[in-house]
Amino acid sequence: MRTKILSIFGTRPEAIKMAPLVMQLQASAHVESVVCVTGQHQEMLKQVLDLFEIAPDVNLALMTGNQTLNGLAAKLIAALDDVLATVRPDRVLVHGDTTTAFAAAIASFHRGIPVGHVEAGLRTGNLQQPWPEEMNRRAVDVVSDLLFAPTASSKANLERESLQGRIVVTGNTVIDALNLTTARIDNTPALRAELDARLPFLDNALPLLLVTGHRRESFGAGFANICGALADLASTNAVQIVYPVHLNPNVRGPVQETLSGARNVHLVEPMDYLGFVRLMQRASIILTDSGGVQEEAPALGKPVLVMRDVTERPEAVVAGTVRLVGTERASIVSAVTGLLGDAGARAEFARRINPYGDGYASQRIVAALTGRAFEPFHAGETGVAPAAARASLAAAVY
Ligand code: UD1
Ligand code: UDP
């Protein structure tokens, strides 16, 4: 008897982090895998589905331009209720902290369907940062009976809250997705050349600052500061900046207004994951407010400056491979300038410590879902799980 598992996701980062898990679910003899995408994102979601060749069983295509949180949440809960009634899954899987994850978890809870939360237990302790994601993540954890915590510290956060779900430490599936993608890039010189040719304007002799930014709590003054800082940095001619600009109009407006036409600043469309991973590989420094990039960049040995005051991903900050720089113009400029001028500090920053995963998170999750034995993720002193645990997972078929 196969367990019917319905994976529900809707945005770019969820799709990247669910893709390797969906691949494992599809490969399992014990699972009937059904995929529903909500289409909270449109073009940015499609880029990921195409890359990982995921053909959703249901696509709700719910996105509208400049959608509101309440409008989106209301549509999601109503539409997902119909999906749950039709698919009748034994279990739902959701990921992370988006409105899709929140709505899918609540809709499943209302129907008495068990929820597994992938990437459970991340916390800043501040409901305003990231907003509204900290609340979404907590709410999903409350209703989930299976909590897939990526790290020991996310497990500890969950334990402090006396939740009812069973906690399993798995590593973060983003490292599974990253490993699959870097393997493709590293093993295929022609692909690498093709990806590099997409950005012919880049000068290999000039340091490359790769930027992403889209957080709602930074709309307005925060984005004005970030754009001002990028303009200041570009004007020195000491760095070239590539910024794939998020499609949210609240981001694109100020970014294009302040930076289009600025010398040394290349505003580009959101990149597909292959292209973006290649660009992270080429970057000298990454400046971001993204959650996923904070996890990927340390795994690639890249220095990351995070434009936030707090992070729900403190592991790399503790390890010294990520630094919080806030959203003040002067502090961003001084952090980037200091690092550009200090090769030793960059090398120190870029120690290849990756506390977030070992590439086998998806296997662990499927093992837990199907009642098979497995070794939980344990980040050793190097940040990576013991080789024996990885080897047994690599050989296993669930
Ligand atoms: C959402 C998530 C955030 C995640 C981010 C990843 C919530 C509350 N926030 O924020 O946690 O970090 O996705 O990027 O769920 N748009 C498009 N095309 C797209 C995607 C977005 O045009 O493919 C535009 C639309 O105008 C849309 C707007 O961006 O209405 C906002 O999208 P939304 O998903 O509501 O919020 P994000 O800021 O992307
Ligand atoms: N990413 C991408 N193309 C881009 C920018 C980012 O594929 O142009 C990837 C990035 O590698 C990471 C994910 O998108 O895996 C992060 O998404 P985002 O920053 O939108 O959301 P967050 O992680 O902050 O929720």
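Hydrogens, waters and symmetry mates are skipped; everything else that's a heavy atom, side chains included, is used. Ligands are counted one by one from 1 in listed order, and the atoms in each one are counted from 1 as well.
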Requested in this report: Under 4.5 Å between side-chain heavy atoms, chaining through other members, with only Ile, Leu, Val, Met, Phe, Trp and Tyr counted: pull out the rest of the cluster around Val34, sorted by chain and number.
Outcome: Leu6, Ile8, Val58, Leu60, Leu62, Leu72, Leu76, Leu80, Val83, Leu84, Val87, Val92, Val94, Ile113, Val115, Val140
Report summary line: Ranking His214, Arg137, Glu14 by closest non-hydrogen atom to atom 5 (C) of ligand 1, top hit is His214
Report task. Sort and list the pairs that fulfil salt bridge (charged side-chain N to carboxylate O under 4.0 Å, His left out) and have at least one residue in residues 82-96, not counting sequence neighbours. Result -> Arg91-Asp145
Query raised in the report: What pair of heavy atoms forms the shortest contact from Glu217 to Pro130, and how long is it?
Result: OE2-CA, 3.3 Å
Report task. With heavy atoms of Pro132 as the reference, note each atom of ligand 1 found under 4.0 Å away. Result -> 8 (C)
Query - Distance from atom 18 (N) of ligand 1 to nearest protein heavy atom, with residue and atom - result: Glu43 OE1, 2.8 Å
Query - Closest to atom 27 (C) of ligand 1 among Thr99, Leu247, Thr64 (heavy-atom distance) - result: Thr64
Query - Check against side chain to side chain contact (heavy atoms under 4.5 Å, CB included), Met135 and Phe102 - result: CA-CA 9 Å; Met135 182 284 293; Phe102 168 76; 4.0 Å; yes
Query raised in the report: For ligand 1, is any non-hydrogen atom under 4.0 Å from Pro249's backbone (N, CA, C, O), its side chain (CB onward), both, or neither?
Result: side chain
Query raised in the report: Would Arg137 and Glu119 count as a salt bridge (Lys or Arg N to Asp or Glu O under 4.0 Å) if you check the C-alpha gap in whole Å, the side-chain angles of each, and the deciding distance to 0.1 Å?
Result: CA-CA 9 Å; Arg137 203 183 284 276; Glu119 203 185 70; 3.1 Å; yes
**Report entry** Heavy atom of the protein closest to atom 10 (O) of ligand 1 (residue, atom name, distance)
**Finding:** His41 NE2, 4.3 Å
Report task. Let me know which protein residues bring a heavy atom to under 4.0 Å of ligand 2; chain then number is fine for ordering. Result -> Arg12, Pro13, Ile16, His214, Arg215, Pro244, Pro270, Met271, Tyr273, Phe276, Met280, Ser290, Gly291, Gly292, Val293, Glu296
**Report entry** Flag, side chain of Asp272 to backbone of Gln47, donor-acceptor distance under 3.5 Å
**Finding:** no
Report task. For atom 34 (O) of ligand 1, grab the closest protein heavy atom and report residue, atom and distance to one decimal in Å. Result -> Gln40 NE2, 2.9 Å
Report task. Would you please say whether a donor-acceptor pair under 3.5 Å links the side chains of Thr173 and Ser362? Result -> no
Which atom pairs, donor and acceptor, lie under 3.5 Å between side-chain atoms of residues 184-191 and protein residues at least two apart or in another chain?
{"residue": "Asp186", "atom": "OD1", "partner": "Gln281", "partner atom": "NE2", "Å": "3.2"}
{"residue": "Asn187", "atom": "ND2", "partner": "Ala183", "partner atom": "O", "Å": "3.0"}
{"residue": "Thr188", "atom": "OG1", "partner": "Arg184", "partner atom": "O", "Å": "2.6"}

Query raised in the report: Looking only at N/O atoms, are His246 and ligand 1 under 3.5 Å apart anywhere?
Result: yes
Requested in this report: Would you mind listing which atoms of ligand 1 come within a distance below 4.0 Å of any non-hydrogen atom of Asp97?
Outcome: 11 (O)
Query raised in the report: Using a distance-only test with no angle check, is there a side-chain donor-acceptor pair under 3.5 angstrom linking His214 and Asn248?
Result: no
**Report entry** Step-by-step side-chain hydrogen bond (donor to acceptor under 3.5 Å, both in side chains) determination, Thr337 to Ser334
**Finding:** CA-CA 5 Å; Thr337 312; Ser334 105; over 6 Å; no
Query - Heteroatom distance test (Thr100, ligand 1): nitrogen or oxygen, under 3.5 angstrom - result: no
Query raised in the report: What's the verdict on side-chain hydrogen bond (donor to acceptor under 3.5 Å, both in side chains) for Thr124 and Glu134, showing C-alpha distance, side-chain angles and the deciding distance?
Result: CA-CA 7 Å; Thr124 61; Glu134 174 85 358; 3.3 Å; yes
Report task. May I ask you to check if ligand 1 and Met44 share an N or O to N or O distance below 3.5 Å? Result -> yes
**Report entry** Val169 reachable from Leu122 in the ILVMFWY side-chain graph, under 4.5 Å edges
**Finding:** no
Requested in this report: Classify the ring geometry between His246 and His41 as parallel (under 30°), tilted (30 to 60°) or perpendicular (over 60°).
Outcome: perpendicular
Report task. Say whether Asn248, considering both its backbone and side-chain N or O atoms, lies within less than 3.5 Å of an N or O atom on ligand 1. Result -> yes
**Report entry** Heteroatom distance test (Asn136, ligand 1): nitrogen or oxygen, under 3.5 angstrom
**Finding:** no
**Report entry** Proximity of Leu69 to ligand 1 by residue part, where a heavy atom lies under 4.0 Å
**Finding:** side chain
Query raised in the report: With hydrophobic residues grouped by side-chain heavy-atom distances under 4.5 Å, do Val142 and Leu146 end up in a single group?
Result: no
Query raised in the report: More than 12 foreign heavy atoms under 6.0 Å from NZ of Lys155: is that the case here?
Result: no
Requested in this report: Have a look at Gln42, Glu133, Arg252, Met63 and point out the one with the heavy atom closest to atom 17 (C) of ligand 1.
Outcome: Met63
Query - Interfacing atoms of ligand 1 (cut-off 4.0 Å, heavy-atom, Asn66) - result: 25 (C), 26 (O), 27 (C), 30 (O)
Report task. Provide, to 0.1 Å, the distance between atom 33 (P) of ligand 1 and the closest protein heavy atom, together with that atom's residue and name. Result -> Gln67 NE2, 3.3 Å
Query raised in the report: ligand 1 and Arg216, any nitrogen or oxygen pair closer than 3.5 angstrom?
Result: yes
